[in-house]
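Order of the sequence lines sets the chain letters (A, B, ...), proteins ahead of strands, with each chain counted from 1. No hydrogens, no waters, no symmetry mates; every other heavy atom, side chains included, goes into these values.
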There are 2 protein chains.
Amino acid sequence: MKMKPTIKDVAKLANVSISTVSRVMNAPETVVETKKLRVLDAIERLKYKPNALARGLIYKKTNTLGVVIPDIRNPYYADIIRGMEDASKMLGYNLIICNTDRDRARLFSYLNNFYEKQVDGILYTSDPVYPDYYKALQRLQMPVVLVSTHSMEYRLPSVKINDEQAAYDAVKYLIDSGHTSIGMIGFHLSDSIAGLPRYEGFARALREHDLDDSKDNVVFVNGWSYDTPDAAAQLIARFPSVTAVFTSSDELAIGLIAYLHEQGIRVPEQISVMGFDNIRWGNLSIPKLTTVAQPTYEIGFRSVMKLNAIIKEQDDSELREYLPHTIIERASAKILKSFSSP
Amino acid sequence: MKMKPTIKDVAKLANVSISTVSRVMNAPETVVETKKLRVLDAIERLKYKPNALARGLIYKKTNTLGVVIPDIRNPYYADIIRGMEDASKMLGYNLIICNTDRDRARLFSYLNNFYEKQVDGILYTSDPVYPDYYKALQRLQMPVVLVSTHSMEYRLPSVKINDEQAAYDAVKYLIDSGHTSIGMIGFHLSDSIAGLPRYEGFARALREHDLDDSKDNVVFVNGWSYDTPDAAAQLIARFPSVTAVFTSSDELAIGLIAYLHEQGIRVPEQISVMGFDNIRWGNLSIPKLTTVAQPTYEIGFRSVMKLNAIIKEQDDSELREYLPHTIIERASAKILKSFSSP
DNA sequence: TCCTCTTCTGAAAAGCTTTTCAAATCGTTC
DNA sequence: GAACGATTTGAAAAGCTTTTCAGAAGAGGA
């Protein structure tokens with residue numbers, strides 16, 4: 001394999017100095033027409049493209065962003081990444097994507113890696129920021145945006161939805177539909193993003209409508225795995241009169257529906273199910289999933305825009321941004337009575 | 001924001017030359033103990049990490065691979081990426097991931113980008129290699145592995161399953177289960193990967209078992225969108241006696257099941273459905289999807305291993321590798337009679 | 001003590017580009 | 001034709017690291 005042509009080769013072929021070649025590319029108006037044409041011709045003939053490493057060394061800028069994400073196989077993250085990618089393309093960045101599996105060591109290793117590769121900024125997705133993570137992030141001395149997570153302790157910019165309010169709205173939808181026995185399958189309260197706030201929204205909705213919000217009506221699962229059937233069984237056993245279940249993710253919802261189907265319990269006739277996230281597949285489930293939509297693509301897109309603004313030192317927006325959620329009415333939640341206007 | 005420490009700062013603090021610092025990091029046995037300790041201490045105190053740009057410039061190696069992929073939101077690709085990521089982590093690479101949306105201009109722009117950023121190799125996923133793509137790839141003078149696609153015209157290494165055989169096996173499964181009226185929803189024959197070979201496998205299976213393989217039993221969809229309902233309606237209209245449908249992707253299968261459910265046609269009692277790909281969600285559909293599993297994760301993993309071998313110039317394996325597929329028996333295909341042993 | 005042979009160490013070059021600065025060229029004007 | 005200013009050009013430095021090469025320091029023997 002022969003060597004890639006360098007600016008030197010172009011200079012030689014065009015019979016000018018390398019400075020002139022550089023100028024043709026970066027400030028063409030400063031070089032006289034005849035030489036410019038010679039240089040352009042040489043560039044074309046050699047198919048010369050400048051080496052981004054050398055450039056990065058000078059500009060101290062690589063036009064590359066680092067992304068840490070728990071697992072790209074999760075469609076929720078895949079959507080976010082897509083939004084990031086499109087914004088990056090628009091702004092001229094590339095994305096280095098790393099799966100952490102929520103593993104401390106793996107995360108730290110990737111952060112180091114980002115530092116060495118001189119990425120211009122970091123997108124930290126979806127995990128709570130623990131004190132030692134914060135310290136690691138600090139030490140990097142790099143712009144960071146938290147994506148689909150945030151931190152109240154630390155002054156870190158973030159982009160996400162308002163989870164508490166979204167959960168509240170979801171449960172309110174069920175209440176407005178006439179349900180009074182509402183259960184929940186959610187993530188552990190130690191999860192400060194998808195766990196606690198969604199439970200709090202759930203509980204607040206029940207409380208504000210004078211319904212039973214005892215913890216008996218809630219089952220918490222840890223992690224994001226497929227042990228939904230157990231959780232579902234537990235919930236039904238503890239709360240047999242339940243007519244509607246709010247779940248903290250569409251995966252949980254779909255798992256729940258599958259379980260209920262196996263048990264011969266019809267959805268939504270006997271039990272209504274409300275999901276959370278609005279992943280693509282909710283549209284193909286049977287019945288189609290009623291859910292609260294996170295604007296995943298926009299979260300990704302917006303977080304890159306924000307990170308870019310910070311890098312360019314022109315961030316004018318809120319430190320913590322909240323993007324709007326919406327309820328997607330499909331077929332998995334039954335309406336017992338029409339909504340009462342407030 | 002204060003400047004990142006450089007090797008120079010370390011040298012000054014440890015009161016040695018920069019060469020010595022470099023040696024401590026790259027050949028520690030050649031430097032005398034007392035200085036080594038001083039240097040190590042300085043590195044620790046300054047939290048110094050070498051600049052990968054400068055290193056890349058010297059070694060002509062960035063430990064970065066470029067990935068072009070149609071759309072990361074497609075769970076099939078997401079799985080592949082995950083396999084790539086894990087292999088990359090193991091081998092010390094990072095992945096720059098780019099969505100092409102199967103858009104020529106976007107693809108070319110990213111390839112240029114990879115060239116400028118001096119990636120060590122390219123993973124080209126899932127699209128057929130058209131002549132101009134090949135020319136572009138050639139010009140880059142970079143190692144490439146085709147992932148989940150291949151090329152018979154050009155001498156390019158690739159990793160994928162044997163699509164024709166996999167489709168054959170899937171249809172044979174239906175035949176062995178006792179079905180004789182078998183339809184297909186597939187991708188256009190112009191798609192030389194997911195289209196033509198799977199149709200050929202389908203047709204061969206029917207032919208070899210003396211069943212009707214006229215094209216009336218097949219509906220082709222273009223693209224990967226959600227116009228499955230139309231296709232499903234067409235198939236049923238043209239081929240009302242169908243008892244089993246082979247689809248070229250799980251998305252098509254799930255779309256088909258959703259359509260049949262809406263029409264009041266029971267799966268698998270009235271119509272059996274066989275998917276292709278074994279995406280995660282097939283496990284949660286109702287009924288659970290019978291499908292042929294592509295080893296997506298392994299395809300991703302293996303393609304990075306192969307690319308690495310090529311980069312290191314120690315590739316010993318086949319130019320075109322085919323990984324084994326398997327039939328996943330779940331509930332969407334009905335067994336009319338038990339298998340006859342051949 | 002001097003010489004030779006190792007072992008360590010530092011200066012400098014190389015890798016590729018951009019940018020600064022001074023020199024060279026050009027065109028005007030007197 | 002000379003002088004001036006404006007325009008254009010090339011040499012060299014800078015950005016950060018590794019590596020080569022020659023010189024310095026040390027050890028060992030005579």
Side-chain angles (χ1 to χ4, degrees), chain A residues 1-40 42-43 46-64 112-113 115-120 141, chain B residues 1-40 42-43 46-64 112-113 115-120 141:
Chain A
M1 246 184 231
K2 59 176 180 297
M3 292 287 290
K4 294 181 184 172
T6 72
I7 197 171
K8 231 172 169 172
D9 302 318
V10 177
K12 197 173 296 172
L13 183 60
N15 199 29
V16 296
S17 75
I18 58 171
S19 330
T20 302
V21 177
S22 177
R23 269 187 286 259
V24 168
M25 293 170 15
N26 300 301
E29 67 284 0
T30 67
V31 18
V32 83
E33 200 63 15
T34 84
K35 288 196 182 170
K36 183 156 58 185
L37 289 177
R38 258 171 32 220
V39 170
L40 254 18
I43 287 178
L46 295 175
K47 308 266 175 242
Y48 168 74
K49 305 242 164 32
N51 182 324
L53 292 184
R55 274 191 153 160
L57 210 45
I58 293 169
Y59 290 141
K60 294 175 176 307
K61 233 181 141 309
T62 53
N63 295 312
T64 304
N112 264 336
N113 200 228
Y115 180 91
E116 291 182 14
K117 292 229 166 125
Q118 317 289 123
V119 303
D120 297 335
Q141 305 255 52
Chain B
M1 243 184 232
K2 59 177 180 294
M3 294 286 290
K4 293 180 183 172
T6 71
I7 197 172
K8 230 172 169 172
D9 301 319
V10 177
K12 198 172 296 171
L13 184 59
N15 199 29
V16 296
S17 75
I18 58 173
S19 329
T20 302
V21 177
S22 178
R23 270 187 285 260
V24 168
M25 294 172 11
N26 300 302
E29 67 283 1
T30 68
V31 19
V32 84
E33 199 64 15
T34 84
K35 288 195 182 173
K36 184 156 58 185
L37 289 177
R38 260 175 24 223
V39 170
L40 255 17
I43 287 178
L46 294 175
K47 308 266 177 240
Y48 167 75
K49 305 242 164 32
N51 182 326
L53 293 184
R55 273 192 153 159
L57 211 45
I58 294 168
Y59 290 141
K60 294 175 176 307
K61 230 180 143 312
T62 53
N63 295 312
T64 304
N112 265 335
N113 200 228
Y115 180 89
E116 292 182 15
K117 291 229 165 126
Q118 317 288 123
V119 303
D120 297 335
Q141 305 257 50

*asked:* With a strict under 4.0 Å distance from non-hydrogen atoms of chain A, what nucleotide opens and what nucleotide closes the contacted stretch of DNA chain C, reading 5' to 3'?
replied: C:dC16 to C:dT20

*About how many Å separate CD of A:Q118 and CG of A:L53, when rounded to the nearest 0.5 Å?*
10.5 Å

*Can you tell me how far CD1 of B:I58 sits from NZ of B:K60, rounded to the nearest 0.5 angstrom?*
10.5 Å

*Closest heavy-atom pair and its distance - A:Y48, A:T6*: CE1-C, 3.5 Å

*Near DNA chain D, under 4.0 Å by heavy atom, which residues of residues 19-26 of chain A?*
A:S19, A:T20, A:R23

*Heavy atoms only: give me the nearest A:Y115-B:K47 pair and the separation to one decimal.*
OH-O, 4.5 Å

_Divergence of helical axes at both termini of the helix from C:dT1-D:dA30 to C:dC30-D:dG1 - five pairs an end, 10° steps_ = 70°

*asked:* How long is the straight-line distance from CG of B:L40 back to CE of B:M25, given to the nearest 0.5 Å?
replied: 10.0 Å

*Gap between atom CD1 of B:I43 and atom CD1 of B:I7 - 0.5 Å precision*: 8.0 Å

*Does any residue of residues 29-39 of chain B have a heavy atom under 4.0 Å from DNA chain D, and if so, which ones, in number order?*
none

*Between A:S19 and A:S22, do the side chains contain an N or O donor and an N or O acceptor separated by less than 3.5 Å?*
no

*Using the test salt bridge (charged side-chain N to carboxylate O under 4.0 Å, His left out), find all partners of A:K36 that sit at least two apart in sequence or belong to another chain.*
A:E33

*If only atom types and distance count, is the side chain of A:K4 paired as donor or acceptor with the main-chain N or O of B:Q141 below 3.5 Å?*
no

*Least distance between heavy atoms, A:D120 atom then A:N63 atom*: OD2-N, 2.6 Å

_Tell me the closest heavy-atom pair linking A:T20 and A:V31, and the distance in Å._
CG2-CG2, 4.2 Å

_Quick check: closest heavy atoms across B:K117 and B:T62, and the distance to 0.1 Å?_
O-CG2, 3.9 Å

*If you look at every heavy atom in A:I18 and A:K8, which pair is closest and at what distance?*
CG2-CA, 3.9 Å

*Is there a residue in residues 46-59 of chain A whose heavy atoms reach under 4.0 Å of DNA chain D, and which residues are they?*
A:A54, A:L57, A:I58

